A.B. asks: 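Handing you a structure now.
Below, chain A is the first sequence line, B the second, and so on; all start at residue 1. These numbers were taken from a predicted model, which means no experiment stands behind them. Atom set for the values below is all heavy atoms of this structure, side chains included, hydrogens, waters and symmetry mates excluded.
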There are 2 protein chains.
Amino acid sequence: MSSMTIGKLSAATRVKVTTIRYYESIGLLDEPDRSASGQRLYGDTAVERLGFIRHARDLGFPVPAIRELISLQVEPSWDCAVVDQIARRQLGEVRRRLTQLEALEAELKRMITACEGGKIACCSVLAALGHHEQCLHEEHAGKEVLAARPSN
Amino acid sequence: MSSMTIGKLSAATRVKVTTIRYYESIGLLDEPDRSASGQRLYGDTAVERLGFIRHARDLGFPVPAIRELISLQVEPSWDCAVVDQIARRQLGEVRRRLTQLEALEAELKRMITACEGGKIACCSVLAALGHHEQCLHEEHAGKEVLAARPSN
DNA sequence: TCTACAGTCTACAGTAACTGTAGAGGCAAG
DNA sequence: CTTGCCTCTACAGTTACTGTAGACTGTAGA
Ligand SMILES: [Zn+2]
Ligand SMILES: [Zn+2]
Ligand SMILES: [Zn+2]
Ligand SMILES: [Zn+2]
C-alpha cells in the first residue's frame, strides 16, 4: 500500500504543503489518516483529487465551483449539464477579463508611446493618468483585473 | 473656496466613501480638514488626486506604484524615465496576464466543446480537469506522473 | 547511541485592496 | 421635533493562500 507524507504529496502535485493543509481546512480535501505520531498519510486517491483541484485552480475556477465539481463527481449517473454550465460560466469569466485587459493594454500602449522622454513636468503618461476624459475605454470597470491570480 | 463632504467627493469621482477613507488610511490621500463636528471637508485638489488614483487603479497599477507616481509628481524638473518605466512595467504585467488568459480560454473552450452532453460518468470536462496530459497551457506541462486511472 | 538536520505539527498573523457592519452622532427639510 | 440620510470610528470579512513561531518527529551519518 502506497502511503505518502504531506511532503511527498506536495512534490507529486506541486502544491505547497501549507496549501494542502489549507485545502483540508476548508474541506476541499478529506482529512487523511494519521501515523501513530500524528503525521498525515495520503494514498493515491489524494494525489488524484489534489491534481484535479490544482488543474481547476490553474484554470481560474473559484474554490466554491471546485467544491461543486467534486461533489458532482460522486454522482456518475446524473446529467452533466451542471458540470458544463460551471465550465461555461468560467469561460465567460475568462473572456470578460480578456476583453478588459485588451482595453487596458491599448491605453497603456497609447500612454507610453505618447511620451517622448523629457521632464516629469510634461510627461504624457502622468497627464494621461490625470485626465480620464480622453480615454479609449469609457468604462474600465475592472476592479480585480490583475488581482486574479499572480503567477506562482 | 469649494469644499465638499466625503459623499460629494465620492459622487464626483465615483470612488466609494469607504474606499476614500481607506486611501487616506494608507496614506494615498492626505488627511483633509475637518468641520467643527469632525466631518471631512475636501477641496478641488482632492478631486484631482483621487481621479488620478482611480484611473491608475482602473489600469491595474498596484498601490505602491501609484504612491511612487504621486511622489514623482511633486518633482517636475526630474527626468520622466522613472514614470515611463513604471508604466512599461505595468504594460508588461498586463501582457503577461493576457497571454495566460488566452491559454486558459483555449483550454476551457476545448473542454467544453469536447463534452457532448450525457452523464457525469463520461463528461469530458471532468475528465479534462482530472488529466493534464493534453493541456494546451504549458503551466502544467510535464506532469505525466499524475496519469492514474480514475477509480470510478 | 548521539547528533544534526530536514520534515511535520498546530495555531495564528499577514497579504492586496478593498467591502461590510455596528453603533453612535450630525445635518437639512418639513 | 421628527424623519431620513450622511458621516464618524473601529473592526471584522473577503479570496486564496503564504509565512512564522515554537514544538515535536524521523532519519542518516559519525
Ligand atoms: Zn514621460
Ligand atoms: Zn482610462
Ligand atoms: Zn459534460
Ligand atoms: Zn491544463
A.B. asks: Partner of D:dT20 by Watson-Crick or G-U wobble geometry, both contacts under 3.5 Å, or none?
C.D. replies: C:dA11

A.B. asks: Determine: side-chain N/O of B:T19 to OP1/OP2 of C:dA17, distance under 4.0 Å, yes or no.
C.D. replies: no

A.B. asks: Are any of the side-chain heavy atoms of A:V125 and B:C80 separated by less than 4.5 Å?
C.D. replies: no

A.B. asks: Taking the side chain of A:V17 as its heavy atoms from C-beta onward, which of C:dT8, D:dT18, D:dA16 lies nearest to it?
C.D. replies: C:dT8

A.B. asks: Atom CD1 of A:I26 to atom P of D:dC17: distance rounded to whole Å?
C.D. replies: 7 Å

A.B. asks: Which pair of non-hydrogen atoms, one from B:I86 and one from B:A65, has the smallest distance, and what is that distance?
C.D. replies: CG2-CB, 4.0 Å

A.B. asks: Determine yes or no for a side-chain-to-main-chain donor-acceptor pair under 3.5 angstrom, with B:T113 supplying the side chain and B:K109 the backbone.
C.D. replies: yes

A.B. asks: Just N and O in the side chain of B:T5: are any of them under 4.0 Å from OP1 or OP2 of D:dT7?
C.D. replies: yes

A.B. asks: Quick test: give all pairs of protein nitrogen or oxygen and nucleotides 27-30 of chain C nitrogen or oxygen below 3.5 Å, distance rounded to 0.1 Å.
C.D. replies:
{"unit_1": "C:dC27", "atom_1": "OP1", "unit_2": "B:S37", "atom_2": "OG", "d": "2.9"}

A.B. asks: Please confirm whether the shortest side-chain N or O distance from B:R21 to OP1 or OP2 of D:dT9 is below 4.0 Å.
C.D. replies: no

A.B. asks: State whether B:R57 places a side-chain N or O below 4.0 Å from either non-bridging phosphate oxygen (OP1 or OP2) of C:dC18.
C.D. replies: yes

A.B. asks: Could you point out which residue of A:I20, A:I70, A:L50 forms a side chain to side chain contact (heavy atoms under 4.5 Å, CB included) with A:L28?
C.D. replies: A:I70

A.B. asks: Do B:T13 side-chain atoms and B:L9 backbone N/O form a donor-acceptor pair below 3.5 Å?
C.D. replies: yes

A.B. asks: Can you find a side chain N or O atom of A:Y23 that sits less than 4.0 Å from OP1 or OP2 on D:dC17?
C.D. replies: yes

A.B. asks: For B:A128, does its backbone N or O pair with a side-chain atom of A:H55 as donor and acceptor, under 3.5 Å?
C.D. replies: yes

A.B. asks: Rounded to the nearest Å, what distance is computed from the CG atom of residue A:D33 to the C1' atom of nucleotide C:dT8?
C.D. replies: 17 Å

A.B. asks: What is the distance from CD1 of A:I6 to C1' of C:dC9, rounded to the nearest Å?
C.D. replies: 10 Å

A.B. asks: Measure all distances between protein nitrogen or oxygen atoms and nitrogen or oxygen atoms of nucleotides 1-3 of chain C, and list the pairs falling under 3.5 Å.
C.D. replies:
none

A.B. asks: Checking B:Q85 against B:R88: is there a side-chain donor and acceptor pair closer than 3.5 Å?
C.D. replies: no

A.B. asks: What is the distance, rounded to the nearest whole Å, between atom CD1 of B:I20 and atom P of D:dT9?
C.D. replies: 13 Å

A.B. asks: Expressed in angstrom and rounded to an integer, what is the separation of A:L41 atom CG from D:dT25 atom C1'?
C.D. replies: 13 Å

A.B. asks: Measure NZ/A:K8 against P/D:dT27 and give the value in whole Å, please.
C.D. replies: 9 Å

A.B. asks: Starting at CG of B:D58 and ending at P of C:dA17, how long is that distance when rounded to a whole Å?
C.D. replies: 13 Å

A.B. asks: Would you say that more than 12 heavy atoms from the other residues, nucleotides or ligands in this model lie under 6.0 Å from the CD of B:E102, or not?
C.D. replies: yes

A.B. asks: Of the nucleotides D:dA16, D:dT7, C:dT19, which one has an atom closest to the side chain of B:Y22?
C.D. replies: C:dT19

A.B. asks: Any side-chain heavy atom of A:Y23 within less than 4.5 Å of one from A:R57?
C.D. replies: yes

A.B. asks: Could you please name the option among D:dC8, D:dA16, C:dG20 that lies closest to any side-chain atom of B:T18?
C.D. replies: C:dG20

A.B. asks: Return the value, rounded to whole Å, for the distance between atom CD of A:E24 and atom C1' of D:dA16.
C.D. replies: 17 Å

A.B. asks: Counting only heavy atoms from other residues, nucleotides and ligands, does the tally under 6.0 Å from CG of B:D33 exceed 12?
C.D. replies: no

A.B. asks: Can you tell me if B:R40 touches the phosphate of D:dT7, counting only side-chain N or O atoms and a distance under 4.0 Å to OP1 or OP2?
C.D. replies: no

